[in-house]
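First the structure, in the form of structure tokens, and then the observations on it.
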Amino acid sequence: MATHRWYHQSKDYAKEKEKRQLSFEATSNHPLKAITVTEIKCSDKRGTPSRSNSIATGQKGLSEPLSLILDPLNAEFDGRDPLSMFAAEAEAENKNQKPSSLKERSISIRSGTEDDNFEPWCLKKAGILSKYTTSEKLSITTSFLSTSDKEKVIIKTQSTVTDKVKNRLEQLDDFEEGSVQEMLDLSQQEYVKRIDELNMALINAWDQDQRVKSLKIAIQCSKLLSDTSVIQFYPSKFVLVTDILDTFGKLVYDRLKEKAMVTSPGTQPVTLSENFSPSEVPDAAKEICYNWFYKIASIRELIPRFYVEVAILKCYNYLDTKEHGNSLKRLASMIRGIGDPLVAAYARCYLCRVGATVAFGYREHLLPCFDDFLFTYHQTQEDGVQNVLARQKLETPKYLTLYSPALDWLLQCLAHEATSETLEQILKKTSDHCNSALLLNSIISAFQPSYIANRASQFVEMIKNCEESGFPKHMLYRTLGACLILADPPANQRLSILNDVWKSIMKLKHPRDYISCAEVWIEYVAKHFGKREINTVLSDISKHMSPDRAYEDYYPQLQSVVSKVLIHFHNFSVLFGLDKFLPFLDMFQRESVKVEACKSIMEAFIKYQTEPTDDPVIINTMMFLCKVAHDSVNALTLEDEKRLISNLIIGFLRKVTFGQDFEQQLSFFVEARATFSNLDPVLVALIHSVNQLAMSTHKIVKGKHTKKTAAFVKACAAYCFITIPSLRFTYSQLSLYLVSGQVALLNQCLGQADEFFKAIVLLIPEIPRSLKIDNVVRQTEPLLVEFLSNFISTLLVVPDNPDAGVMYVLKGLLNVLKGYNTDANTDGKIVLYIRVLCMLSGSCQEDYLYHVSKVDSNDKLYGSDPIFIEEVRTICDSLITEILGHLKTLASQEAFKRQSYLALELFNTIVTHGQLTEANMLTLAVNLWGLSQKHGCMDKKQITQAQHYVQLKAKNNMANKGFTSLASKMSSEFQS
């Protein structure tokens with residue numbers, strides 16, 4: 001194999017930079033300023049308009065055609081500054097933003113979801129179904145689900161409308177006379193399944209035009225609501241059954257809307273508009289609507305007649321919208337005929353729920369419903385109800401909670417958009433007739449928090465004096481506390497309210513009752529008071545929850561206490577200094593719970609501690625919390641959890657600073673390294689922080705180190721050198737070795753920099769062929785080529801150690817690369833060899849392209865010494881031999897593209913850094929140029945750019961015959 005000698009090209013970097021410097025021109029206009037176009041129409045002598053000329057103004061010296069001078073940033077925004085336009089649009093949107101349009105408002109009122117303050121029923125259903133359950137056997141009375149019931153719908157031929165109505169009434173009478181059967185011993189799951197089947201049966205019957213059957217199903221479902229045999233399941237039964245009634249009501253309404261289509265001769269039927277008026281409804285549709293109400297009015301039993309009529313109440317839209325109010329008042333009076341107070345309460349709930357859908361603004365029926373509830377509430381203590389509870393072995397407190405969903409909905413309807421006077425009126429009625437804890441709880445929950453907060457002292461007194469009646473008062477205190485968190489009571493009453501309430505809470509014996517109140521009121525304390533009150537409350541909680549290790553059953557509530565304190569109290573120096581805070585955390589004995597509590601505190605600290613700190617109380621406490629989280633990591637911990645804990649610890653470490661006391665800062669990092677040694681991201685952050693510490697020292701001394709600062713930056717380098725090998729990710733070690741070496745070099749720690757760079761060379765053979773990065777397996781060769789390119793550029797300014805020889809680090813790197821086994825289908829090693837050629841050519845210059853301040857590179861050490869140049873040239877010769885040898889191995893058709901690419905890369909390196917006046921170099925360049933085009937697989941654009949560069953160099957360097965000769969041979973080769 002022929003030997004090719006490398007001759008570097010001498011460069012004057014200062015002159016090259018001067019030639020490439022662009023000329024600057026001051027501008028008086030904003031670069032994104034809109035361009036105005038003035039169109040001038042010229043006329044010839046005959047007065048005929050000729051071509052028009054467009055003149056663009058707004059920027060100096062614009063004489064190009066309009067299509068060329070339009071700013072591409074402005075093109076999409078009609079000439080407006082996009083940054084200013086976006087800001088203006090955002091501001092206008094914020095100013096003009098409205099909850100909804102008038103149309104949307106009217107539609108939402110019709111659907112009963114008029115604003116965010118009114119919680120819709122659909123959001124309450126899941127909570128009711130999950131809370132009110134039973135393990136007892138249930139029964140269902142129906143004529144549609146029993147397998148033994150083979151009822152068939154008999155379709156008769158009716159000659160007149162009278163016969164048709166008579167037949168349907170006969171079917172209803174047949175149903176009422178005993179065609180139904182009772183299914184017994186159903187579990188709750190089976191009961192729910194049967195209810196779902198009833199719903200499907202209703203829909204299927206309707207789809208088959210069996211209207212009477214659909215009505216019979218609705219009636220049967222309504223009768224289920226009169227059954228209280230399993231009374232604790234009644235609220236859930238109410239939800240399930242009324243869902244079927246809602247379906248029935250919607251089917252009837254949609255059917256009437258279909259019948260109410262407006263038709264004209266020769267035109268398609270037109271559907272009624274969304275906000276139609278009764279005057280638009282045809283008489284035939286109205287007649288059908290009246291017929292539905294007449295059918296329902298013929299139902300003999302009160303409860304099904306009531307529920308089915310309420311279900312289709314919206315159909316009054318087709319008759320007279322004023323009838324909504326009359327019907328609501330009439331139906332509210334009808335409920336007085338229901339004897340069972342629980343059944344009556346839920347009937348009122350359904351009436352108010354449907355009323356909120358069909359006539360949301362109407363309120364005349366609400367207060368009478370509330371008055372009726374107060375009037376019948378005493379029945380809960382009478383013998384009839386108490387006997388039922390005795391038979392079902394249900395305690396009165398449990399029974400009273402069954403009223404809550406119905407009562408809450410009724411009071412929510414009353415409280416929505418109500419005035420403060422309405423609350424006063426309701427409170428007076430409550431005090432006069434039924435000062436019940438159950439009722440008071442619903443009132444506090446329903447009305448605006450601001451109304452409750454303004455009367456907080458009054459409510460505290462009412463809670464003290466109310467009739468508990470089995471409904472625990474501590475639930476009232478909890479509800480009141482939740483309300484006072486949302487709205488602040490008068491400032492002069494806050495302390496007295498807390499004292500009165502907490503005296504009652506402290507007397508609670510059962511830990512469950514106590515902690516349910518304490519977890520709410522701790523937020524009130526943290527929001528309105530200081531460290532003394534918080535410390536007192538934390539102490540009292542610990543006192544109540546410690547006996548018999550009661551805290552083990554209430555970890556979620558205890559975690560909630562910590563979270564709520566952190567929401568409002570952000571002075572961590574004071575918080576961590578409380579003598580009851582850490583003892584409170586000691587109650588978290590279970591490791592997983594303690595870790596979660598520590599993580600919540602760490603998150604709050606990172607979020608709210610905006611200023612750096614050197615407070616020893618904060619640092620010691622946070623170190624303890626972080627250590628708890630760190631020590632929880634093991635081999636089974638998920639990567640996401642490790643990442644979260646690492647980020648929290650790193651966030652804390654970045655908050656700690658000791659100002660100009662860098663030695664104490666380094667000592668803190670040493671302690672942190674020992675404490676958090678199991679998390680690689682934390683160690684990486686510590687290494688970067690120590691390097692930053694060294695750079696801050698360099699900045700303060702302005703690069704002129706004293707004996708003390710020099711020793712300190714060496715200690716920083718030693719910290720990094722010791723810490724990096726403990727990382728598990730090899731590629732992270734490489735990156736940190738390079739960064740730390742560059743920092744050491746900048747601080748004139750040449751020995752430490754050499755050790756970092758030698759560590760890189762020794763680590764390369766240990767790099768695996770593939771790595772899993774962000775759950776994606778990636779080949780390491782592209783990463784290694786990118787990293788070593790950076791490393792090679794750093795080696796240019798690293799001075800040689802006189803005891804080690806010329807380019808000893810680079811020689812070590814090349815030796816390692818030579819023995820590094822790469823994939824036969826990749827060329828990473830050869831790409832690196834080409835880049836080393838570029839670096840070596842730069843190392844032969846009299847003055848390097850870049851330097852490290854106060855560090856003498858090889859250009860100063862050797863001063864272009866011939867021996868040094870010859871040594872570098874020898875390295876280059878061996879690299880060229882390796883590259884050309886590899887090119888010969890790429891002679892197969894599958895590798896032609898790789899061969900052309902590498903040949904062009906080496907060619908570009910020669911014309912950029914080689915001396916073409918040498919015949920050897922010129923011949924090599926010509927051969928590489930021909931090889932790059934030999935197979936015709938290179939991008940034509942790259943070939944053209946290379947040719948243009950050589951021609952430009954030949955034109956600007958007439959004295960350099962090498963470029964002229966090369967340009968000539970390239971042209972002939974390119975044409976051929």
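Numbers here simply count residues along the sequence, with the first being 1. Keep in mind the model is a prediction, meaning the values are calculated, not measured.
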Going from CG on Leu538 to NZ on Lys580, what distance comes out if it is rounded to the nearest 0.5 angstrom? 10.0 Å
Side chains of Val617 and Phe572 in contact at under 4.5 Å (non-hydrogen atoms): no
Is it true that Tyr234 and Tyr132 have ring centroids separated by less than 6.0 Å? no
Salt bridge Asp488-Lys527, side-chain N to carboxylate O under 4.0 Å: yes
Does the side chain of Tyr514 pick up a donor-acceptor pair with the side chain of Asp540 at under 3.5 Å? yes
Can you find a side-chain donor-acceptor pair between His568 and Glu523 that sits under 3.5 Å? yes
Give a yes-or-no answer on whether the side chains of Ser546 and Tyr551 include a donor-acceptor pair shorter than 3.5 Å. no
Salt bridge present between Glu309 and Arg330 (N-O < 4.0 angstrom): yes
With the side chain counted from C-beta on, respond yes when Leu480 and Asn441 share a heavy-atom pair under 4.5 Å apart, and no when they do not. no
Between Asp246 and Arg353, does at least one N-O distance fall below 4.0 Å, as a salt bridge requires? yes
Gap separating the CD1 atom of Ile505 from the NZ atom of Lys503, nearest 0.5 angstrom: 13.0 Å
Under 3.5 Å, is there a donor on one side chain and an acceptor on the other for Tyr399 and Thr380? no
Minimal non-hydrogen separation, Lys464 against Asp500, with atom names: NZ-CG, 3.9 Å
Pair His378, Glu382: side-chain N/O donor-acceptor within cut-off below 3.5 Å: yes
Return the minimal non-hydrogen interatomic distance between Lys655 and Thr610, and the atom names on each side. NZ-CA, 4.2 Å
If only side-chain N and O atoms count, and only distance matters, is there a donor-acceptor pair under 3.5 Å linking Thr419 with Glu421? yes
Just checking, is any N or O donor in the side chain of Asn571 or Ser573 under 3.5 Å from an acceptor N or O on the other one? no
Ion pair present between Glu424 and Arg455, side-chain N to carboxylate O less than 4.0 angstrom? yes
Any salt bridge linking Glu591 with Lys594? Criterion: basic side-chain nitrogen under 4.0 Å from a carboxylate oxygen. no
Would Lys599 and Glu641 pass as an ion pair if we require N to O under 4.0 Å? yes
Ring-ring centroid check Tyr307 Tyr350, cutoff 6.0 Å: yes
Check this for me: does any side-chain nitrogen of one of Arg549 and Glu552 sit under 4.0 Å from a carboxylate oxygen of the other? yes
No-hydrogen, no-angle side-chain donor-acceptor test under 3.5 Å, Glu519 and Ser560: yes
Could you tell me whether Asp553 and Arg512 have a side-chain N and a carboxylate O separated by less than 4.0 Å? no
